[in-house]
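Side chains included, hydrogens not; waters and symmetry mates left out as well; all remaining heavy atoms used.
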Amino acid sequence: MTAGRTVISQSVTWCTPAKYVDAVKEVFGGAVSLDPCSNEWSIVNAETEYRLPSHDGLHESWDYPTIYVNPPYGTDKERGTRIKDWLYKCAYAHKHHEAEVLALVPVAANTSHWKQYVWGQATAVCFLYDTRLRFLVEGKDEGKGAPMACAMIYWNKNLDVFLKVFDQFGAVVDLRPLQGRIIGESARDRQIELFDKI
């Protein structure tokens with residue numbers, strides 16, 4: 001299960017569509033330094049890529065200036081990881097390495113991982129207008145859509161650039177008024193971990 005929905009695919013080969021890759025690169029000023037969950041069909045072409053499933057980016061350094069994350073949406077039973085682990089690493093990279101991070105994830109605003117690592121941590125979120133975002137499957141546009149709404153989450157200071165670029169793709173919400181706030185009763189202990197875990 002992920003985001004309260006049954007995962008219909010354990011594939012790590014659902015790649016970001018070209019329009020969003022272009023938008024990410026525009027926000028970053030032209031290049032992506034790190035793609036920690038890439039695969040052989042990815043069109044992101046980051047300067048450094050950790051390719052799943054053989055190279056697990058969760059266990060590598062994210063000390064890079066710009067990071068784009070399109071994580072596996074399901075549970076990785078072999079590694080015992082879930083999307084919350086990827087969102088934790090996004091928030092951590094921003095907080096501790098001052099990385100500019102963008103993540104394409106399912107909208108799951110009521111989950112503990114959004115309460116811990118998005119609300120109160122991220123700068124902004126773009127709720128994408130795509131009814132069913134069509135990922136590239138093994139590098140091809142096969143017309144399959146995600147079974148849930150998706151969002152692009154942003155951790156950094158350049159909200160004006162993010163807003164300018166992503167306004168055409170969805171509703172952009174400024175999360176800065178929530179930064180530093182503890183969201184949800186169970187979040188208090190987990191947010192403290194953000195400073196101590198890695």
Does any part of the side chain of [Y], heavy atoms only, come nearer than 4.5 Å to the side chain of [X], both counted from C-beta?
{"X": "Q121", "Y": "W155", "answer": "yes"}
{"X": "Y129", "Y": "Q168", "answer": "no"}
{"X": "L102", "Y": "V27", "answer": "yes"}
{"X": "T111", "Y": "K84", "answer": "no"}
{"X": "V105", "Y": "L87", "answer": "yes"}
{"X": "V107", "Y": "F127", "answer": "yes"}
{"X": "V24", "Y": "F28", "answer": "yes"}
{"X": "P36", "Y": "W86", "answer": "yes"}

For [X], enumerate each residue passing the salt bridge (charged side-chain N to carboxylate O under 4.0 Å, His left out) test, keeping only those at least two apart in sequence or located in another chain.
{"X": "D130", "result": "K19"}
{"X": "D56", "result": "R79"}
{"X": "D174", "result": "R176"}

Between atom [atom1] of [X] and atom [atom2] of [Y], what is the distance when rounded to the nearest 0.5 Å?
{"X": "C150", "Y": "L104", "atom1": "SG", "atom2": "CG", "result": "5.5 Å"}
{"X": "C37", "Y": "E49", "atom1": "SG", "atom2": "CD", "result": "10.5 Å"}
{"X": "D85", "Y": "H59", "atom1": "CG", "atom2": "NE2", "result": "8.5 Å"}
{"X": "I183", "Y": "S112", "atom1": "CD1", "atom2": "OG", "result": "13.5 Å"}
{"X": "I182", "Y": "K115", "atom1": "CD1", "atom2": "NZ", "result": "13.5 Å"}
{"X": "T123", "Y": "F162", "atom1": "OG1", "atom2": "CZ", "result": "9.0 Å"}

Pairing residues for N70 by the side-chain hydrogen bond (donor to acceptor under 3.5 Å, both in side chains) criterion, not counting sequence neighbours: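 In terms of side-chain hydrogen bond (donor to acceptor under 3.5 Å, both in side chains), with neighbours along the sequence ignored, N70 is linked to T16.
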
Residues forming a side chain to side chain contact (heavy atoms under 4.5 Å, CB included) with E47, sequence neighbours excluded: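 Side chain to side chain contact (heavy atoms under 4.5 Å, CB included) check on E47 returns A31, S33.
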
Contacts of type side chain to side chain contact (heavy atoms under 4.5 Å, CB included), residue A99, not counting sequence neighbours: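 A99: side chain to side chain contact (heavy atoms under 4.5 Å, CB included) contacts with I67, A93, V101.
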
Of all the heavy-atom pairs spanning [X] and [Y], show the shortest one and how long it is.
{"X": "I83", "Y": "P106", "value": "CD1-CD, 3.3 Å"}
{"X": "N39", "Y": "R51", "value": "O-NE, 3.9 Å"}
{"X": "V125", "Y": "A151", "value": "CG2-CB, 3.7 Å"}
{"X": "S42", "Y": "N45", "value": "O-OD1, 4.2 Å"}

Residue pairs, two or more places apart or on separate chains, that pass salt bridge (Lys or Arg N to Asp or Glu O under 4.0 Å) and touch residues 58-70: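 Listed by first then second residue: nothing to list.
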
Pairwise salt bridge (Lys or Arg N to Asp or Glu O under 4.0 Å) hits with a residue in residues 158-171, at least two apart: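 Every pair satisfying salt bridge (Lys or Arg N to Asp or Glu O under 4.0 Å) with a residue in residues 158-171: there are none.
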
With sequence neighbours excluded, tell me which residues meet ring-ring contact (aromatic ring centres under 6.0 Å, His included) with [X].
{"X": "H55", "result": "Y50"}
{"X": "W114", "result": "W119"}
{"X": "F169", "result": "Y20, F166"}

Check against ring-ring contact (aromatic ring centres under 6.0 Å, His included), Y117 and H113: CA-CA 6 Å; Y117 310 124; H113 53 272; 8.1 Å; no

Main-chain N/O of V161 paired with N158 side-chain donor or acceptor, under 3.5 Å: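 No, the answer is negative, given that no donor and acceptor are paired below the 3.5 Å cut-off.
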
Expected output: side-chain K95 to main-chain C90 donor-acceptor under 3.5 Å: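 Looks like no, no N/O pair under 3.5 Å.
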
